[in-house]
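The sequence lines fix the lettering, A, B, ..., with proteins before strands; numbering per chain opens at 1. Below, all heavy atoms of this structure are taken into account, side chains as well, without hydrogens, waters or symmetry copies.
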Protein chains: 2
Amino acid sequence: MRDDAKPSDDGAPAAGDGPAGDGEVRRSGRVRTGPARVTIKDVAERAGVTKATVSKYLNRAHGYAMAPSTRERIRAAIQDLDFQPNPLARGLTRSATTTIGLVVADIRSQFYPELVHSIQVATEGAGYTLVLGSSGDDPARELDIVRSMAHRRVDGVVLVAVRSASDNIEYLRQRGIQIVLASRDLPELVADTVVVDSLAGARAAVRHLRDLGHRRIAHVGGELTVKPFADRRRGFELETADLAGRAELPAATAASTIEGGRAATRGLLDVERPPTAIFFATDTMALGGLMACADLGLEVPRDVSIAGFDNVTVGELPGIGLTTVDSDAARVGEQATELLLRRVLGSGDADPVLITRPAELVVRTSTAPPR
Amino acid sequence: MRDDAKPSDDGAPAAGDGPAGDGEVRRSGRVRTGPARVTIKDVAERAGVTKATVSKYLNRAHGYAMAPSTRERIRAAIQDLDFQPNPLARGLTRSATTTIGLVVADIRSQFYPELVHSIQVATEGAGYTLVLGSSGDDPARELDIVRSMAHRRVDGVVLVAVRSASDNIEYLRQRGIQIVLASRDLPELVADTVVVDSLAGARAAVRHLRDLGHRRIAHVGGELTVKPFADRRRGFELETADLAGRAELPAATAASTIEGGRAATRGLLDVERPPTAIFFATDTMALGGLMACADLGLEVPRDVSIAGFDNVTVGELPGIGLTTVDSDAARVGEQATELLLRRVLGSGDADPVLITRPAELVVRTSTAPPR
DNA sequence: CTGTTAGCGCTTTCAC
DNA sequence: GTGAAAGCGCTAACAG
């Protein structure tokens with residue numbers, strides 16, 4: 001998707017561009033006709049006014065005045081004709097589309113559905129349409145998506161769990177497109193951001209393990225370039241600073257996937273004197289941790305206690321009962337959307353706002369005192 | 001979202017519209033300026049040709065001829081200027097937007113992420129943008145969403161797990177918008193459809209339970225107005241037809257949610273002589289079934305065997321180990337998208353196509369011989 | 001308060 | 001092969 005300005009099928013199949021002047025596409029076919037669309041002109045005629053007046057009616061929120069009788073005739077005409085303003089035309093003139101872009105890394109992860117849903121509901125509830133992009137956690141693709149959304153003139157973008165932001169944010173900002181970051185903050189506060197308090201949450205989780213009597217506690221963290229993951233790790237370190245040496249507190253870093261957590265956990269447990277508890281930076285990794293325990297014939301929580309972070313739905317299931325920290329994804333999504341829409345509507349503070357939501361410990365059955 | 005033709009801020013904050021002529025909104029503010037956008041006119045000037053010629057270059061797939069030298073100059077100009085055709089303008093004239101709508105019931109359900117992801121990847125890979133709508137499984141909202149997408153001139157719509165279709169499909173079809181149904185078929189083949197073989201899958205699951213020695217088998221089904229659910233139930237009935245009376249084969253119907261499955265299962269198990277195995281119409285319900293067992297102090301599979309349908313990710317987890325039937329959501333999504341894009345591009349059969357994918361049994365640890 | 005007049009950026013006949 | 005002109009459906013000054 002590098003050279004966006006290629007022939008009509010701008011966004012042709014990912015396949016190679018082939019030799020110079022290939023001509024594969026046949027967009028030709030059927031000419032979308034359907035029932036004659038009713039336009040603003042039809043409404044104007046039926047109401048006995050001009051398009052301009054109808055437009056003013058449609059944009060009356062802009063503060064146009066209008067004779068009640070005219071207003072009423074237009075209203076009636078619109079209703080009779082079942083008129084719908086064409087969003088494309090509107091977008092073309094106003095350069096605003098009542099559309100919000102949502103960029104996520106990968107919807108399949110246990111963590112997103114709740115977040116995406118809340119964002120979807122919030123945008124839709126405000127009359128905006130949601131455009132979805134999935135980056136696969138690849139910064140390059142993320143930028144492609146952001147560019148594509150910018151060209152489509154979305155009014156704003158929710159960046160969920162961005163990796164790094166410099167390019168994206170710069171690009172959007174230059175084009176006057178509003179931005180909000182959800183669930184992952186960045187080292188610098190470059191845009192409105194809504195996250196959960198990772199540091200406090202991690203401390204609570206680790207303290208819980210200590211309160212149970214654990215002393216050999218390990219940590220499986222996410223990539224440290226991701227700030228919330230770094231914060232969680234730091235929380236782990238702060239709460240274990242007084243404990244013995246590094247040997248007692250092994251830490252690993254893994255991709256935030258089930259497989260990532262599984263592999264890292266195996267490495268951590270398959271040693272002489274394994275830890276009695278592990279704190280994971282995400283529930284997804286913790287689920288992998290559970291698999292690793294099963295792989296090694298260890299029982300949770302008897303042989304090892306497991307704690308995660310996020311509170312994904314499946315953690316509640318019997319047979320899982322994952323002790324975790326609630327990231328309150330739904331509220332994060334909602335609040336992020338609110339912030340974004342506020343900016344889109346022109347209010348909003350001059351400076352970026354950071355909202356850090358409290359993180360609550362949720363104790364279930366995957367943690368218990370060490371043997 | 002009923003009256004779409006309301007004032008400009010068609011999608012004002014959910015808050016009340018207040019007294020008659022309130023004037024709260026101030027869209028006024030910042031006038032989205034940004035760096036002067038480069039248009040086809042700029043390209044034309046730089047290349048020393050007219051907009052028309054540039055347009056022909058852009059649409060060369062339509063089969064326009066052009067002098068190689070001109071072609072080259074235009075190509076260079078586009079590159080130098082980093083020109084991107086404005087999709088809105090293009091959409092306005094061509095009445096096609098390289099956009100696909102995706103309508104799901106509720107992304108939060110365990111089943112969707114995989115499906116949505118595959119659709120997302122497939123559309124994006126073909127250069128289309130995905131617009132997401134979530135109906136909450138409410139037919140009225142579903143229609144609202146479909147209408148909104150139609151107004152935005154999406155080229156096609158993927159309807160995932162529609163409930164009933166008459167209105168939606170009629171509406172879209174009238175407007176020449178292509179349609180494909182994924183994961184749920186309808187009694188009548190009204191549009192291209194991709195589903196898994198529910199009947200065969202259900203039979204395989206039930207046969208598996210019988211092979212293990214179960215005779216008192218229950219079924220927790222989804223609403224029978226949903227064809228795949230009806231098929232799964234029918235599969236259950238066919239495979240148990242020779243067994244004792246109805247008392248041995250209780251069946252319940254529930255909403256396809258964890259809670260739905262949980263409640264239904266409790267009802268089924270909390271009796272004199274409970275079944276020794278339960279076949280669920282969906283994994284989501286089966287997870288609820290697992291919770292119900294825990295609630296009642298029953299152990300799976302020792303006291304009761306549990307089998308589901310869909311093969312959601314969490315089913316693999318140790319502690320869950322759900323025996324199920326694979327719905328192959330990813331492939332269903334992919335194939336549905338392919339079918340849709342084919343129609344959008346003007347190929348595609350005259351009549352609707354039905355693709356029924358094979359359903360494969362996946363045996364895990366939630367099923368075992370009865371005691 | 002309402003109408004006139006220009007476009008927004010692109011496509012598309014129809015000439016040349 | 002390329003250009004001129006009209007128009008997609010709407011908004012936005014500016015008049016009156």
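Nearest heavy atoms, B:Asp351 versus B:Asp192: O-OD1, 4.3 Å.
Of the candidates D:dA13, D:dT11, C:dC10, C:dC10 carries the atom nearest the B:Phe83 side chain, counting heavy atoms from C-beta on. Nearest to the side-chain atoms of B:Ile40 among the listed nucleotides C:dT2, C:dC10, D:dG3 stands C:dC10.
When heavy atoms are screened at a 4.0 angstrom cut-off, A:Ser55 is found touching base atoms of the nucleic acid.
Nucleotide C:dT12 holds its C1' atom 10 Å from the NE2 atom of B:His62, rounded to whole Å. Put simply, CZ on B:Arg153 is 16 Å from C1' on C:dC10, counting in whole angstrom units. In this structure, B:Arg71 places its CZ atom 14 Å from C1' of D:dT2, rounding to the nearest Å. Between B:Asp42 atom CG and C:dC10 atom P the separation is 9 Å, expressed in whole Å. Distance A:Arg90 CZ to C:dG7 C1': 18 Å, rounded to the nearest Å. Between the C1' atom of D:dG3 and the CE atom of B:Met66 lies a distance of 13 Å, rounded to the nearest Å. Atom-to-atom, CZ of B:Arg94 to C1' of D:dG9 comes out at 17 Å; the value is rounded to the nearest Å. Summarising the geometry, the separation between CG on A:Leu88 and C1' on C:dT11 is reported as 14 Å, rounded to the nearest angstrom.
When the side-chain nitrogen and oxygen atoms of B:Thr93 are compared with OP1 and OP2 of C:dG9, none of them lie within a distance under 4.0 Å. Between A:Asn86 and D:dC10 there is no side-chain N or O to OP1 or OP2 distance below 4.0 Å. The side chain of A:Thr70 places an N or O atom within less than 4.0 Å of a non-bridging phosphate oxygen (OP1 or OP2) of C:dT2.
Taking the centre and axis of the six-membered ring of A:Tyr64, the NZ or CZ atom of A:Arg60 falls outside the cone set by 45° and 6.0 Å. Geometric assessment of A:Arg173 against the ring of A:Tyr171 yields a negative cation-pi assignment under the 6.0 Å and 45° thresholds.
Inter-residue side-chain proximity for A:Leu132 and B:Val131 is flagged as unmet; no heavy-atom pair is nearer than 4.5 Å. A 4.5 Å side-chain heavy-atom check between B:Asn86 and B:Thr39 finds every atom pair outside the cut-off. With contacts defined as side-chain heavy-atom distances shorter than 4.5 Å, the pair A:Leu58/A:Arg90 qualifies. Side-chain contact between A:Val103 and A:Met149: present, with at least one pair of heavy atoms (C-beta onward) separated by less than 4.5 Å.
Bending across the helix from C:dC1-D:dG16 to C:dC16-D:dG1, expressed as the angle between its end axes from five pairs apiece, amounts to 40° (10° rounding).
In this view, B:Thr70 satisfies the side-chain hydrogen bond (donor to acceptor under 3.5 Å, both in side chains) rule with no residue, not counting sequence neighbours.
Of the residues near DNA chain D, B:Ala89 and B:Arg73, the one whose nearest nucleotide (by heavy atom distance) lies more toward the 5' end is B:Arg73.
Among the candidates B:Arg73, B:Arg46, B:Arg75, the single residue satisfying the salt bridge (Lys or Arg N to Asp or Glu O under 4.0 Å) test with B:Asp80 is B:Arg46.
Non-hydrogen atoms lying under 4.0 Å from DNA chain D are contributed by A:Lys51, A:Ala52, all within residues 43-53 of chain A.
A:Asp155 places no side-chain N or O within donor-acceptor distance of the main-chain N or O of A:Ile100, the cut-off being under 3.5 Å.
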